[in-house]
Amino acid sequence: MTIELILRNKILEAISQLYGQEAAPESVQLQSTRKEFEGDITLVVFPFVRMSKKSPEQTAEDLGNYLQNNVEEVSGFNVVKGFLNLSIASSYWVNVLADAYSAAQFGIKEATEDSPLVMIEYSSPNTNKPLHLGHIRNNLLGFSLCEILKANGNKVVKTNIVNDRGIHICKSMQAWLQQGNGETPESSGLKGDHLVGKYYVLFDKQYKSEINELVAQGMSKEEAEQNAPSMVAARELLRKWENKDTATIELWKTMNGWVYKGFDVTYKNLGVDFDKIYYESDTYIVGRDEVLRGLSEGIFTQKEDGSVWADLTAEGLDQKILLRSDGTSVYMTQDIGTAKERFNDYSIDKMVYVVGNEQNYHFQVLSILLDKLGFEWGKGLQHFSYGMVELPNGKMKSREGTVVDADDLMDGMIEVARQTSKELGKLEGLSETEAEYTFRTIALGALKYFILKVDPKKNMLFNPEESIDFNGNTGPFIQYTYARIQSVLRKATDQQINITTPACNLELAGKEQELIKKIAQFETTIKEAGDMYSPALIANYVYDLVKEFNQFYHDFSILKEENEERRNLRLVLAGTVAKVVRSGMKLLGIDVVERM
RNA sequence: GCUCCGGUAGCUCAGUUGGAUAGAGCAACGGCCUUCUAAGCCGUAGGUCAUGGGUUCGAGCCCCGUCCGGAGUACCA
């Protein structure tokens, strides 16, 4: 039982004993005491003054006395205005540390047979271009969320829906057919996804110049957009694809194959993976069948032109198209099909979509539509909505080429890490491969931490030149502190120091106790991060812990401490901080290094 | 127009269910490598929490209005 729980119960008891009234459990507000005051845990007494009919100060005195006399762990108290600051005995904190130190998985809950199964969709790329910075935020958030939910005792299935069909890939195909001269990743030396992306850009260039030409000939802009030869050809490819034309299907398979190979490399470098991948070329048919069923059951309506609609005005929303007048599927249709497939394949307790906030409306509608179609899980779908990544000069537009490419970004950061390491002379004693691994880990740590430390809900600004740093509140700073702790622990081993679980009744120094308190918060932080879907809570927690440790490290010596008991305690403290940092970073998908 | 989200230091961001004197990092300035890793530590400076009201013992946080920014808004995904 944690100290908070013990106090909570005793405070309710105290109020009942002292004032003869029952206080609501949620009126007990405990918080950690601010640094400028003495004490560890603070009770806010304002909610109880009505019951005590005394001043806040006097009420706090009453409660303080009661708790000191009736709770073993409470070693003292002081009152400042309406705040009761309780001091908790050192022995309690030493025990907390001992528990954390010896626990195999401190703060992490393992899933069991009957744990809920959560399926999390993230990444969800189109197959016509390489991944960019926006995808990076998605992938990092998705992966981290999976880790956090696992740590909260859930079974997790990581899934990806690949948008492999549609007009976008046909545009790349069309440009490749017209201008490609049979170019392949092998012949060009380009990564597959970049090669296909190159033709997507070429298509757009060509398309735009055709429009300009037609407009110059006197056609209206709308007409020109419809009648530009490139677009006509791309639409023809889409039609052929839907009719299963052999050559078209073959080309589609080949080019998608190139892209998948490229994606695999990016995913691997980013350190994310999936348990199950769905393809929209499979699920859109399921979705279309569901929509047609809905139509025949009178849930949806059809217009004269043949298009199928859902009327959501009763729910306060608009009318939503589900099938185009030519019978083809839209985005929504595919998501209906994908959802149905998933719930067929797994016994899902909770389905989470990691998708940008531009699609808030889409998921609101999807949930209602599935509910209308009679799927009892429809209402329970959860959209983990995150903000956009903006650049200093505005937002990213793939067509305008103002995107930050994922591969380029990672390569660039690894290069910076390599240079910085060399300048700082951090390489000595490391083999070539060890050094490379270290650069990579640091660079990825910087990138991941930078993105994950921001509240997912908010838009964030990313300045490629300036944003990424290796100093201050960054991934490398945390990795560095971890490496230094490892170094101390190695030296302890070299000096034949035997580290044992602390069972002493040493009086703790202020900073030692601060650190233990911080360590004790790991468990609740994981829970909160799981409840709120916020890797940022973990990131900020780990930073605070590391910052706290650095101050401790600066003020106290560990190995040079002469009192053996105290030295042991501090080694245990350092080791536990390292352990918490390692698991915290793992929840963010960030690796740590033994030396840097 | 309507709906949703946001606005905290020059910049990037934290800020627990409403609690004490709003915190970090970057950038600037000053100090610290004969001390367990200086990718570090210490210090100085930097704030009308967009704005006007309201709720209450107490508001950066909750409610209403205004301003600014972003996203979505019926045959793109």
Side-chain angles (χ1 to χ4, degrees), chain A residues 26 29 31-34 36-37 42 44-47 49-50 56 80-83 85 124 126 128 163 166-168 280 303 305-312 316-326 328 330-332 334-335 356-362 364 385 387-388 390 392 395 417 420-421 423-424 426 442 446 450 453-455 457-463 466-467 469-474 476-481 483-492 495 521 524-525 528 532 536-537 539-540 543-544 547 550-551 553-561 570 574 595-596:
Chain A
E26 60 272 17
Q29 293 180 49
Q31 50 192 281
S32 42
T33 304
R34 295 179 66 108
E36 55 269 35
F37 300 103
T42 295
V44 183
V45 299
F46 288 109
V49 295
R50 268 197 8 253
V80 181
K81 294 194 261 179
F83 298 91
N85 300 322
S124 317
N126 288 359
N128 60 322
N163 187 17
I167 192 71
H168 51 87
E280 289 196 347
K303 290 191 179 168
D305 64 5
S307 56
V308 178
W309 295 78
D311 184 358
L312 302 176
L317 305 174
D318 291 330
Q319 302 213 332
K320 193 81 192 169
I321 188 159
L322 300 176
L323 288 175
R324 294 195 191 93
S325 45
D326 63 2
T328 56
V330 295
Y331 182 37
M332 188 63 75
Q334 300 166 0
D335 262 356
N357 62 15
E358 56 200 348
Q359 291 186 35
N360 286 354
Y361 185 69
H362 173 81
Q364 205 183 338
S385 159
M388 303 285 97
E390 286 160 9
K395 44 186 98 59
T420 311
S421 296
E423 279 165 27
L424 294 172
K426 295 277 186 180
I442 294 169
F450 184 82
K453 76 173 176 186
V454 181
D455 182 348
K457 291 194 303 281
K458 295 188 178 174
N459 287 359
M460 63 175 290
L461 188 97
F462 187 92
N463 186 330
E466 297 168 20
S467 286
D469 209 332
F470 294 76
N471 305 314
N473 185 358
T474 65
F477 167 65
I478 294 164
Q479 290 167 322
Y480 173 67
T481 307
R484 261 173 31 213
I485 295 174
Q486 294 307 100
S487 170
V488 169
L489 297 178
R490 277 195 301 271
K491 290 215 160 97
Q495 293 172 29
Q521 285 168 17
T524 49
T525 305
E528 246 174 83
M532 299 174 64
L537 291 180
N540 287 308
Y543 175 70
D544 284 350
K547 181 108 180 113
N550 270 350
Q551 286 164 1
Y553 187 84
H554 179 252
D555 289 0
F556 298 118
S557 40
I558 297 176
L559 290 172
K560 288 178 186 140
E561 171 60 46
R570 289 182 181 171
R595 55 190 89 204
M596 70 180 267

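The chains referred to below are lettered A, B, ... by the order of the sequence lines, with proteins before strands, and numbering in each begins at 1.
Residue A:Phe46 and nucleotide B:G19 are classified as a stacked aromatic pair, their ring centres being separated by less than 5.5 Å at an interplanar angle below 30°. By the criterion of a centre-to-centre distance under 5.5 Å and near-parallel planes under 30°, the ring of A:Phe477 forms no stack with the base of B:A39.
In terms of heavy-atom proximity, A:Asn357 sits nearest to A:Gly387 at ND2-CA, 3.4 Å.
Contacts of A:Asp555 with the nucleic acid, taken as non-hydrogen atoms under 4.0 Å apart, are absent. Across all strands, A:Gln479 comes closer than 4.0 Å to no nucleic acid atom at all (heavy-atom distances). A:Ala574 comes within contact range of no nucleotide atom at all, as no heavy-atom separation falls under 4.0 Å. Across all strands shown, A:Thr524 has no heavy atoms under 4.0 Å from either base or sugar-phosphate atoms. Across all strands, A:Phe462 comes closer than 4.0 Å to no nucleic acid atom at all (heavy-atom distances). Using a 4.0 Å heavy-atom distance criterion, A:Glu358 is classed as a sugar-phosphate-only contact. Within 4.0 Å (heavy atoms only), A:Ile442 reaches at least one base atom of the nucleic acid. A:Asn85 comes within 4.0 angstrom of a nucleotide base, judged by non-hydrogen atoms across all strands. At a threshold of 4.0 angstrom between heavy atoms, the contacts of A:Met388 with the nucleic acid are absent. The residue A:Tyr361 sits close only to the backbone: its heavy atoms come under 4.0 Å of sugar-phosphate atoms, none of a base. Using a 4.0 Å heavy-atom distance criterion, A:Ser421 is classed as a base contact. When heavy atoms are screened at a 4.0 angstrom cut-off, A:Val44 is found touching base atoms of the nucleic acid.
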**OP:** For the pair A:Tyr480 and A:Lys426, evaluate side-chain contact (heavy atoms from CB on, under 4.5 Å) and give the outcome as yes or no after the intermediate values.
**Re:** CA-CA 11 Å; A:Tyr480 173 67; A:Lys426 295 277 186 180; 3.8 Å; yes
Original post:
Which is it for A:Phe477 and A:Asn550 under the side-chain contact (heavy atoms from CB on, under 4.5 Å) test, yes or no, and what are the steps along the way?
Top reply: CA-CA 10 Å; A:Phe477 167 65; A:Asn550 270 350; 3.0 Å; yes
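Note on A:Lys426: a side-chain N or O is less than 4.0 Å away from OP1 or OP2 of B:A39. Regarding contacts with the backbone of B:C4, every side-chain N or O of A:Asn360 stays at 4.0 angstrom or more from both OP1 and OP2. Put simply, A:Ser325 has no side-chain N or O that comes within less than 4.0 Å of OP1 or OP2 on B:C75. OP1 or OP2 of B:A77 sits under 4.0 Å from a side-chain N or O of A:Arg324. Phosphate contact (OP1/OP2 of B:G7, side-chain N/O of A:Lys458, threshold under 4.0 Å): present. Between A:Gln551 and the phosphate of B:C42, there is a side-chain N or O to OP1/OP2 separation shorter than 4.0 Å.
Residues A:Asp318 and A:Phe556 each lie close to RNA chain B; by heavy-atom proximity, the contact nearer the 5' end of the strand is made by A:Phe556. The residue among A:Leu461 and A:Val80 whose nearest nucleotide of RNA chain B is located toward the 5' end is A:Leu461.
Between atom CD of residue A:Gln364 and atom CD of residue A:Gln359 there is a gap of 13.0 Å, rounded to the nearest 0.5 Å. To the nearest 0.5 Å, the span separating OG on A:Ser307 from CD on A:Gln319 amounts to 10.0 Å. Here the CG-OG1 distance, from A:Asn540 to A:Thr525, works out to 10.0 Å after rounding to the nearest 0.5 Å.
Across the protein-nucleic acid pair, A:Asn459 atom CG and B:U12 atom C1' stand 14 Å apart, rounded to whole Å. Taking atom NE2 of A:His362 as the reference point, atom P of B:A74 lies 15 Å away to the nearest angstrom. Here the C1' atom of nucleotide B:A39 and the OH atom of A:Tyr480 are 6 Å apart, to the nearest Å. Per the geometry, CZ belonging to A:Arg50 stands 15 Å off P belonging to B:G58, to the nearest Å.
Helical stems of RNA chain B (runs of at least 3 Watson-Crick or G-U pairs, donor-acceptor distances under 3.5 Å) are listed by first residue: B:1-7 with B:67-73, B:10-13 with B:23-26, B:28-32 with B:40-44, B:50-54 with B:62-66.
The listed nucleotides are B:A77, B:A39, B:C36; the one nearest the side chain of A:Thr420 is B:A39. Nearest to the side chain of A:Asp305, among B:C75, B:U37, B:A77, sits B:C75. Counting only heavy atoms from C-beta on, A:Gln334 has its side chain closest to B:A77 among B:A77, B:C36, B:G40. In this structure, the nucleotide among B:A20, B:U37, B:U35 sitting nearest to the side chain of A:Gln31 is B:A20. Relative to the side chain of A:Trp309, the nucleotides B:C75, B:A38, B:C36 differ in distance, and B:C75 lies closest. Among the nucleotides B:U17, B:A39, B:C13, the one closest to the side chain of A:Gln29 is B:U17.
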**OP:** Mark up nucleotides 21-33 of chain B, 5' to 3', with B wherever a protein heavy atom is under 4.0 angstrom from a base atom, S wherever such an atom reaches only the sugar-phosphate, and - elsewhere.
**Re:** S-SSSS-------
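Nucleotides B:G30 and B:C57 have their C1' atoms positioned 44 Å apart, rounded to a whole Å. Spacing of P atoms, B:U51 relative to B:G7, comes out at 13 Å, to the nearest Å. B:G6 and B:A38 have their P atoms separated by 42 Å, given to the nearest Å. Nucleotides B:G15 and B:C64 are separated by 23 Å at their P atoms, to the nearest Å. Annotation: B:U16 and B:G60 have their P atoms spaced 12 Å apart (nearest Å). Taking the C1' atoms as reference points, B:C61 lies 12 Å from B:A22, given to the whole Å. Separation of the C1' atoms belonging to B:C11 and B:U73 is 34 Å when rounded to the nearest angstrom. Spacing between B:C33 and B:A39 at atom C1', rounded to whole Å, works out to 14 Å.
No donor-acceptor distance shorter than 3.5 angstrom exists from the side chain of A:Thr328 to the backbone of A:Arg324, with no hydrogens or angles considered.
Using a 30° and 60° split on the angle between ring planes, A:His362 and A:Tyr331 fall in the parallel class, below 30°.
A cation-pi arrangement is present between A:Lys303 and A:Trp309, with the terminal nitrogen or guanidinium carbon under 6.0 Å from the aromatic centre and inside a 45° cone about the axis.
Side chains of A:Ser385 and A:Asn360: a donor on one and an acceptor on the other come within 3.5 Å.
A:Arg484 is listed as a side-chain neighbour of A:Tyr553, based on a closest heavy-atom distance under 4.5 Å. Looking at A:Leu559 and A:Val488, their side chains come closer than 4.5 Å, going by heavy atoms from C-beta outward.
Annotation: A:Phe37 is not in aromatic contact with A:Phe83 [ring centroid separation under 6.0 Å not met].
Glycosidic conformation of B:C33: syn, with the torsion inside 90° of 0.
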